[in-house]
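One structure is given here, and the rest of the page talks about it.
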Amino acid sequence: MTAQSSPDQGSVSGGESVGTGMKLPSDRTVRFLLVILRAALQHAVREDELPRNVARNVELGKGTKREIEPLTAKEGRQLLAAARDNRLWAAYELAVRIGLRRGELLGLRWSDVDLHEGVLTVRQPYSGSVANC
């Protein structure tokens, strides 16, 4: 058995809305939910509540690759201008100008910055929980 989108949903990368205005879950979310479902059903099998774990037969396709659309130079300038008064403006600058990702930005320490040489060293990404970032 293979999990696929129904014909009316079409081929859509995760999180995009389809015809009905409903958002589809991302491929990562679907995989995560399948892991949870398999574990729950396996527990029921061990407890003799179910004869077998039917979720073990589900095979997921390779999924879809989301196409990344970077900002144009003009869009980057507009973003930085709009964020100028934001308390996180420096983080926006680093993200737009040198392409740091959120985890790399959050993992920066003052010891990673050499203001005299004009060098920023990304040593480690932030690996903790990030809420509302």
Can you list the steps and then say if Q78 with K74 is a side chain to side chain contact (heavy atoms under 4.5 Å, CB included)? CA-CA 6 Å; Q78 289 174 334; K74 181 180 178 184; 3.7 Å; yes
In sequence, state the C-alpha distance, the side-chain angles, and the governing distance for N53 and R46, and then conclude on side chain to side chain contact (heavy atoms under 4.5 Å, CB included). CA-CA 10 Å; N53 183 350; R46 279 194 308 273; over 6 Å; no
Do the side chains of L108 and L120 get nearer than 4.5 Å, heavy atoms only? yes
Polar side-chain atom of E93 near backbone of A90 as donor-acceptor pair, under 3.5 Å: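 No, because the side chain of E93 does not come within donor-acceptor range (under 3.5 Å) of the backbone of A90.
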Closest contact, heavy atoms only, N86 versus L88: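 Scanning both residues, the minimum pair turns out to be OD1-N, 2.7 Å.
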Please say yes or no: joined through hydrophobic side-chain contacts below 4.5 Å, possibly via intermediate residues, are [X] and [Y] part of one cluster?
X: L33; Y: V58; result: no
X: V54; Y: L37; result: yes
X: W110; Y: L94; result: yes

Would the number of heavy atoms belonging to other residues, nucleotides or ligands and lying under 6.0 Å from CZ of R28 be above 12?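 Result for CZ/R28: open.
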Between atom [atom1] of [X] and atom [atom2] of [Y], what is the distance when rounded to the nearest 0.5 Å?
X: R123; Y: S111; atom1: CZ; atom2: OG; result: 5.5 Å
X: E49; Y: L41; atom1: CD; atom2: CG; result: 12.0 Å
X: Y92; Y: L105; atom1: OH; atom2: CG; result: 10.5 Å
X: T29; Y: L24; atom1: OG1; atom2: CG; result: 11.0 Å

For the side-chain contact (heavy atoms from CB on, under 4.5 Å) test, which of L100, I98, D112 pairs with V122?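 Output: one option passes, namely L100.
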For the pair L80 and R97, evaluate side chain to side chain contact (heavy atoms under 4.5 Å, CB included) and give the outcome as yes or no after the intermediate values. CA-CA 10 Å; L80 294 177; R97 299 223 186 258; 3.5 Å; yes
Derivation and outcome, side chain to side chain contact (heavy atoms under 4.5 Å, CB included), residues E104 and Q124: CA-CA 7 Å; E104 294 168 334; Q124 63 186 25; over 6 Å; no
